[in-house]
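As the structure is a prediction and not an experimental result, all values here were calculated from the model. Order of listing sets the numbers, starting from 1, for every ligand and every atom in it.
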Amino acid sequence: MTNDEYASRTENLTKRYGRGVLALDDVSIKIGHGEIVGYLGPNGAGKTTTIKILTNLLRPTSGHAYINGIDANRRPKETLCHIGALIEVPGVYDYLSPRDTLTYFGKVHGMKSRDIDDRITEVLKRVKLADWENKRIGSFSTGMQRRFGIAKAIFHTPDILILDEPVLGLDPKGMRDVRHMIKDFKKEGMTVFLSSHLLEEVSLTADSVIFLERGKVVDQDTVENVVARIQSNRNSVQFLNPLSEGDLARVQAIEAITDLVPKNGGIEFSFDGSPETSAEILAGMMTKGLKVTAFQPERGTLEDFYVSIMNSEGVR
Ligand SMILES: Nc1ncnc2c1ncn2[C@@H]1O[C@H](COP(=O)(O)OP(=O)(O)OP(=O)(O)O)[C@@H](O)[C@H]1O
Ligand SMILES: [Mg+2]
């Protein structure tokens, strides 16, 4: 099973639809075993196209996609048993129940009736649909349908889970449910590759993120590094009393401070970002008799970061 260093990887993957859109342009990505990797990009970036190639629903124009080292488009039978996928339209019949649908699905996978029954009970419990196993899927809420889609994806115990926009359209509780499930899958050793528009949401589960724009990978990093990258070296300070011209000049004279500007009744400035300098600056202000009420780093948000990465127009 683990006959490759990576659970999945693509090599110079390119996809052109007909003579038109170049949906993927030389995409080479790597997904380590047991990792949660977020695949981020705006509408039309090529996320679903990549996922469809990995699951052999589409063939690439050139390049390769591998699952556990096996070419997903040349030897799909060998790769599909390793993958569980949730892609855009779930492809279930509204009038069937979860038990009926999964029984059919288990038979397609060549499982024995007894094993199918046991596995259905197990997966429906996992996705909190145990009480709904004989109800019509058509009557389910969006959150329940999504959880059922995940049950279907994990049914044949794959080791790689590929989720296309798993939280799209879900309410905060629904998003949290899916997030918890993803974290549990990782704990069990599964690899999870998920696409999304939402860096903030993905950063709560993923180990690393890949940013795709107009079919090209524009950045990739660990979530830890992304969070470090958005921490700026600007600091804001508020004082008990309004600063006089003289006070401002005294603060300005503190050596470690640069680019000082008055802001929101206080000041904002740059420094080298180290905790030592931060303590030194604060002490300097106190010695000059200034009463500091707040002293805090100015942080960029994950959303700002996402927008700065996707700096060109993105939409197509
Ligand atoms: N079957 C198709 N025929 C022609 N063009 C297509 C087809 N499917 C996708 N495209 C185009 O390929 C590009 C990438 O589409 P894709 O669906 O992979 O993007 P995406 O990142 O999943 O976007 P979204 O966030 O909207 O789901 C888009 O420009 C899209 O219009
Ligand atoms: Mg898509």
Side-chain angles (χ1 to χ4, degrees), residues 8-31 36-67 72-73 76 79 83-92 142-143 145-146 148-150 152-153 160-171 174-175 178-179 182 192-206 208-221 226 302-303 305-316:
S8 179
R9 64 190 162 85
T10 70
E11 228 173 59
N12 312 108
L13 208 58
T14 297
K15 175 71 191 178
R16 189 182 285 281
Y17 286 103
R19 289 188 185 176
V21 183
L22 186 59
L24 293 178
D25 185 3
D26 204 24
V27 169
S28 298
I29 57 174
K30 294 183 173 96
I31 303 156
I36 303 181
V37 177
Y39 200 41
L40 287 139
N43 291 129
K47 304 179 296 294
T48 301
T49 301
T50 309
I51 285 176
K52 283 185 173 168
I53 293 172
L54 287 170
T55 50
N56 196 42
L57 292 169
L58 273 180
R59 296 182 75 81
T61 304
S62 62
H64 298 276
Y66 299 96
I67 300 291
N73 305 106
T79 56
I83 313 174
L86 174 74
I87 306 173
E88 281 176 345
V89 190
V92 293
T142 310
Q145 298 213 8
R146 194 66 49 83
F148 178 63
I150 293 174
K152 200 163 156 258
I160 303 170
L161 200 55
I162 298 180
L163 307 172
D164 195 12
E165 313 264 9
V167 300
L168 188 72
L170 298 185
D171 63 19
M175 284 172 134
V178 170
R179 202 184 300 148
I182 292 171
V192 185
F193 183 58
L194 72 152
S195 80
S196 179
H197 303 114
L198 310 170
L199 176 58
E200 191 87 47
E201 172 62 30
V202 166
S203 70
L204 299 173
T205 51
S208 62
V209 279
I210 297 169
F211 295 91
L212 190 74
E213 200 204 5
R214 294 173 182 240
K216 278 183 180 293
V217 173
V218 289
D219 205 338
Q220 50 192 318
D221 213 335
V226 167
L302 284 167
E303 196 188 322
F305 181 84
Y306 179 88
V307 172
S308 72
I309 295 281
M310 305 298 171
N311 50 10
S312 51
E313 285 171 16
V315 180
R316 60 182 178 188

Quick check: closest heavy atoms across [X] and [Y], and the distance to 0.1 Å?
X: Ala206; Y: Gly38; result: CB-N, 3.9 Å
X: Val27; Y: Gly215; result: CG2-O, 3.2 Å
X: Lys47; Y: Leu212; result: N-CD2, 3.7 Å

* Evaluating non-hydrogen atoms only, which member of Ile53, Thr48, Leu24, Asp164 is closest to atom 27 (O) of ligand 1? ->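 The option holding the nearest heavy atom is Thr48.
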* Which is closest to atom 16 (P) of ligand 1 by heavy-atom distance: Thr49, Leu168, Leu212? ->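 Looking at heavy atoms only, the winner is Thr49.
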* **Contact with ligand 1 for Pro42, non-hydrogen, under 4.0 angstrom** =>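 In this structure, Pro42 qualifies as a contact of ligand 1 - some heavy atom is under 4.0 Å.
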* Does some non-hydrogen atom of Lys15 fall short of 4.0 Å from ligand 1? ->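 False for this residue.
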* Beyond-backbone contact of Phe193 with Ile29, side-chain heavy atoms, under 4.5 angstrom ->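 Yes; the side chains approach each other to less than 4.5 Å.
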Quick check on contacts: which atoms of ligand 1 are under 4.0 angstrom from a heavy atom of [X]?
X: Ala23; value: 12 (O), 13 (C), 14 (C)
X: Glu165; value: 25 (O), 27 (O)
X: Asn43; value: 23 (O), 24 (P), 25 (O), 26 (O)
X: His197; value: 25 (O)

[X] versus ligand 1: do any nitrogen or oxygen atoms come within less than 3.5 Å of each other?
X: Gly46; answer: yes
X: Ala45; answer: yes
X: Gly44; answer: yes

* Whether Thr48 has an N, O or S atom under 2.8 Å from the Mg ion (ligand 2) ->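 So Thr48 counts as coordinating the Mg ion (ligand 2), yes.
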* To do: May I ask you to establish whether Lys15 and Tyr17 are in a cation-pi arrangement, using a distance under 6.0 Å from NZ or CZ to the six-membered ring centre and at most 45° from the ring axis?
  =>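 The answer is yes, since Lys15 meets both limits relative to Tyr17.
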* **Interatomic distance, Thr79 atom OG1 to Leu54 atom CG [nearest 0.5 angstrom]** =>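 Thr79 OG1 to Leu54 CG: 9.0 Å, rounded to 0.5 Å.
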* List the steps, then state whether side chain to side chain contact (heavy atoms under 4.5 Å, CB included) holds for Leu24 with Ile53. => CA-CA 11 Å; Leu24 293 178; Ile53 293 172; 3.9 Å; yes
* Pick from Ile150, Ile162, Ile51: which one makes a side chain to side chain contact (heavy atoms under 4.5 Å, CB included) with Leu86? ->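 The single option meeting the side chain to side chain contact (heavy atoms under 4.5 Å, CB included) with Leu86 is Ile150.
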